[in-house]
Number of protein chains: 2
Amino acid sequence: MERLSVRQARQKEAIGQQAFVQGWIRTRRDSKGGFSFLEVNDGSSFGNLQVIAEAALPNYETEVKHLGAGCSVSIEGEVKASGGKQATEVLASKVTVHGWADPETYPLQKKQHSLEKLREWAHLRPRTNTFGAVTRVRNCVCRSIHNFYQEEGFLYIHSPIITASDCEGAGAMFRVTTLDLEKLPLKDGKVDATQDFFGRPSYLTVSGQLEAEIFACALGKVYTFGPTFRAENSNTSRHLAEFWMVEPEVAFNDLNDNMSLAERFLKRLFRDALSQCDEDMKFFHEHYDKEIISTLEQIVTKEFIRCPYTEAVSILEQCGEKFEYPVSWGIDLQSEHERYLTEKHFKSPVILFDYPRSLKPFYMRVNDDGRTVRAMDVLVPKVGEIIGGSQREERLDVLTQRMAEQHLRAEDYWWYCDLRRYGTVPHAGFGLGLERAVQFITGMQNIRDVIPFPRTPGSADF
Amino acid sequence: MERLSVRQARQKEAIGQQAFVQGWIRTRRDSKGGFSFLEVNDGSSFGNLQVIAEAALPNYETEVKHLGAGCSVSIEGEVKASGGKQATEVLASKVTVHGWADPETYPLQKKQHSLEKLREWAHLRPRTNTFGAVTRVRNCVCRSIHNFYQEEGFLYIHSPIITASDCEGAGAMFRVTTLDLEKLPLKDGKVDATQDFFGRPSYLTVSGQLEAEIFACALGKVYTFGPTFRAENSNTSRHLAEFWMVEPEVAFNDLNDNMSLAERFLKRLFRDALSQCDEDMKFFHEHYDKEIISTLEQIVTKEFIRCPYTEAVSILEQCGEKFEYPVSWGIDLQSEHERYLTEKHFKSPVILFDYPRSLKPFYMRVNDDGRTVRAMDVLVPKVGEIIGGSQREERLDVLTQRMAEQHLRAEDYWWYCDLRRYGTVPHAGFGLGLERAVQFITGMQNIRDVIPFPRTPGSADF
């Protein structure tokens, strides 16, 4: 007998097959006619398989009639056409129970739990409709990320997680150590880092960009996709201490190429989620955000707006809207400004570019005007910034000048400078936070609900 | 004019096309006939594109004749059939130089450098034949990993990198902290971990298995693929402090299913590398290991041997071979024993299973004999253990007994126990170290040469 997934057994092509299906009971409903309906799920699809268990089953009274949410079962039987909403159902010839879930103590009973409560049960929440759907959409986005870049001829690169550069400047870093904190070795009254595992202080990476540039400047088109860390004490619905980031980097690309890549990439993620997770997306539409599907459908067909920072500032200055933070050329745009631009002014995703030089890191290419750099941010409604990137400074003299401007020592970046010293090329790249993308697609409001085990200040459970 | 990759321009389908190719010079050879051959590579394939630059080019004397290894160029021209070994060549109508590489100072001149030396230049080594090939094969393996599991209906899960369980027991762990080591907060004379970022001591993960089990016990078939850490002070050619691991976990699978999955999975990786990286594999065959291709070809067609630990011990006891470590039932097999089994006795990959209970972690399922557990190791010639896995203990009473046996506190694993308390299922999984797999496929002897930026004791450069 063939092992079928719930997804397979629900398709009308399966009608007539003998099926062996394994999964967990979602609900049991006893019919007056002397049989029971079992709703079985195995994670392969949002929808459940309806199983009909007749009273003639030898364990009907002793077991089947005691099944409830969370019990694990194997079902043998025939797939039949169903008269109900679903295309098929299985008439069970055998029901085997593997594990019970005592309804008195099992936390996931039929009643709805708040998302906050479910965070405390991160080991059980994947068994709920919401987190099953989030997991499938997140998986779909990851698959699309790899498919997109592989189809375009990019090489997947693993940039290091532990780094000894404390100078990346993208945010506060976690220190990594094997020193015994209770007995730190000292030298001249200070902690002797030469005795640490790597012989010097080391940290968790905040970005794989600089290392990705190494590979782009050797092999052309590359991307990283891995965990990234911020030790910032920000307890918001948009920040995690540990999150996944995808960072493409392309030799010979300029900022326009970079914008086109970002747009094509995001549209692919959205299109795949809509087409490959339709049941899950319907669920998010019904339970979390009535606009989510129409928003995504619009975005994949429309061209993204491209707007220079300077023009965006003019729009904001002249729009008559009252902002908490006043707008003028040179300021770092706040969330309220970004939302005004995407949600009210353009009603579309917007790529802002050519930001003031003073706002951006040393590695972004300086424009001929001397005042701006070839930076870009992709903003989407509700979530705000979803992608940040730039064309990189490929001119060694300008790069070292920019480092000096920002009080960085060129010696610390000797290898980064070498990329410009030997066979330098124009190149560009960007970073997409996976969780922001999944939040945008699913409409989940809190970023802690789109990652399996969120790490936030004070919380590293499971 | 279309931007073509070197790979595309080398295919005979490209003949007749106007091409725009960008990359780096590998070599320049001047012909007596008054023109030059440029070998150009852009990472898209092992082989270079041959470009013919005629003296009539306006910058022929001033630039083209000064091009050397490492210089970056854009080439415009027509793709023509070639009389040489390669199918095509490009007759350049324009050569633009983007970046020079001074032959006096550029470290990668034509002469061969040792792999050790190249490790010091990890920012330049991707520009060499060897590391270009390693990068493409590693990329191919990663793509195959995702394709294999996605095609089989698995969900990709991100298990956490930072964990507060210091009790995983799989090896020494790195501590992660935001405390200022120079001013550690104390409480009762000890470091006050409640003031650390997560409110308690936290570490880098050694395995995502336990968290993968959470998802397998909710959604059926899942896999993790992410970085993993060992703070062990072992400076060998087979160990890294940071490496990538893929860990599938499947509800309702027993140990036999697990072995079949592992075998199918490995064969897929090897088959894809052979068929999708043929030029790179030929290079490894010629320069690193004359047996590598034939070994892989044999493995993908043969069934793996499955041999219980007890039988393997008998074979080793009776084989007459002199081992450094004597063999008897109950010992942990050493590399010399494993190599004897795969290389001399079976001449094949071998899956050993049913190991002594005392050798293995608490979570492996106890056999009815009471002496052994449902563990398995997949051994391959030369590399040794490449996969380790087991059927998990799904019976709560046996699990808690095993924890007690190993002096673990069930309270620390409350959520892991919950998986057995509510709807428990038989399940199984394993881990494959990505770098071991890439080592085996490429024949590279040192694991530091199959990861972009190796982290080892005393070394976290780049």
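All chains are named by letter (A, B, ...) in the order of the sequence lines, taking the proteins before the strands, and each is independently numbered beginning at 1. Heavy atoms only: backbone and side chains are in, while hydrogens, waters and symmetry mates are out.
For an aromatic pair to be called close, the ring centres must be under 6.0 Å apart, and B:F462 with A:W414 satisfies this. Aromatic ring centres of B:F174 and A:F198 lie closer together than 6.0 Å.
Across all non-hydrogen atoms, the minimal contact from A:K190 to B:E182 is CA-OE1, 3.6 Å. Nearest heavy-atom pair across A:T163 and B:R455 is CA-NH2, 3.9 Å. Heavy atoms only, all atoms of each residue included: A:C142 and B:Y156 are closest at CB-CD2, 3.6 Å. The nearest pair of heavy atoms linking A:A101 to B:G423 is CB-N, 4.0 Å. Residue B:R3 comes nearest to A:D257 through the heavy atom pair NH1-OD2, 3.8 Å, listed as atom of the first residue, atom of the second, then distance. Considering every non-hydrogen atom in both B:Y422 and A:D102, the closest pair reads CD2-N, 4.3 Å.
A heavy-atom distance below 4.5 Å is found between the side chains of A:L219 and B:R136. Residues B:I214 and A:F453 are in side-chain contact: their nearest non-hydrogen atoms beyond the backbone lie under 4.5 Å apart. By the 4.5 Å heavy-atom criterion applied to side chains, A:P452 and B:S159 are not counted as neighbours. Annotation: side chain of B:Q150 is in contact with side chain of A:N139 (closest heavy-atom distance under 4.5 Å). No side-chain heavy atom of A:H123 sits under 4.5 Å from any side-chain heavy atom of B:Y416. Taking the side chain as every heavy atom from C-beta outward, A:L204 and B:L204 approach each other to under 4.5 Å. The shortest distance between side-chain heavy atoms of B:C217 and A:R127 falls below 4.5 Å.
Among A:P160, A:S202, A:G220, A:G189, the residue making the largest number of heavy-atom pairs under 4.5 Å with chain B is A:P160. In terms of heavy-atom pairs under 4.5 Å with chain B, the best-connected choice from A:C140, A:P201, A:G23 is A:G23. Contact tally against chain B (heavy-atom pairs below 4.5 Å) for A:T135, A:L155, A:T128: the top residue is A:L155. Most heavy-atom pairs under 4.5 Å with chain A: of the set B:V6, B:V176, B:N41, this distinction falls to B:V176. For chain B, the option among A:F225, A:F197, A:W415 with the highest count of heavy-atom pairs below 4.5 Å is A:F197. The most heavy-atom pairs under 4.5 Å with chain B, out of A:R420, A:H146, A:R395, A:R421, come from A:H146. In terms of heavy-atom pairs under 4.5 angstrom with chain A, the leader among B:V425, B:D42, B:L181, B:D196 is B:L181. Interface check for chain B: of the options A:C71, A:G199, A:A251, A:S459, the most heavy-atom pairs under 4.5 Å are formed by A:S459.
Between the side chain of B:E242 and the backbone N or O of A:I161 there is at least one donor-acceptor pair closer than 3.5 Å. No donor-acceptor pair closer than 3.5 Å links the side chain of B:T178 to the backbone N or O of A:A231.
Both the backbone and the side chain of A:Q22 come within contact range of chain B, each with at least one heavy atom under 4.5 Å from a heavy atom of that chain. Using a 4.5 Å cut-off between heavy atoms, A:A216 touches chain B through its backbone atoms (N, CA, C, O) alone. Heavy-atom distances place the side chain of A:R200, and not its backbone, under 4.5 Å from chain B. Looking at A:T177, the atoms closer than 4.5 Å to chain B (heavy atoms on both sides) sit in the backbone and in the side chain alike. Interface remark: A:A193 contributes no atoms to any contact with chain B (heavy atom separation under 4.5 Å). Contacts between A:L184 and chain B at a heavy-atom distance below 4.5 Å involve the side chain alone, from C-beta outward. Both the backbone and the side chain of A:T105 come within contact range of chain B, each with at least one heavy atom under 4.5 Å from a heavy atom of that chain. At a 4.5 Å heavy-atom cutoff, A:L396 makes no contact with chain B through either its backbone or its side chain. In this structure, chain B has a heavy atom under 4.5 Å from the side chain of A:N147, while its backbone stays farther away. Neither the backbone nor the side chain of A:P454 comes within less than 4.5 Å of any heavy atom of chain B. Of the two parts of A:R138, only the side chain, counted from C-beta on, holds a non-hydrogen atom closer than 4.5 Å to a non-hydrogen atom of chain B. With a 4.5 Å cut-off on non-hydrogen atoms, A:P227 touches chain B through its side chain but not through its backbone. Contacts between B:V73 and chain A at a heavy-atom distance below 4.5 Å involve the backbone alone (N, CA, C, O).
The NZ atom of A:K221 lies 8.0 Å from the OG atom of B:S44; values are rounded to the nearest 0.5 Å. Going from atom CZ of B:R125 over to atom CZ of A:F215 covers 7.0 Å, rounded to the nearest 0.5 Å. Taken from CG in B:L434 to NE2 in A:H158, the straight-line distance is 6.0 Å, to the nearest 0.5 Å. Within the model, atoms CH2 of B:W100 and OG1 of A:T424 stand 14.0 Å from one another, a figure rounded to the nearest 0.5 Å.
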Practice problem: Let me see the working for A:W24 and B:F252 under ring pair (Phe, Tyr, Trp, His ring centres under 6.0 Å), right down to the final yes or no. | Solution: CA-CA 11 Å; A:W24 291 267; B:F252 301 103; 5.5 Å; yes
Quiz item: So A:D180 and B:R175, salt bridge (charged side-chain N to carboxylate O under 4.0 Å, His left out) or not? Walk me through it.
Solution: CA-CA 9 Å; A:D180 181 350; B:R175 182 147 179 182; over 6 Å; no
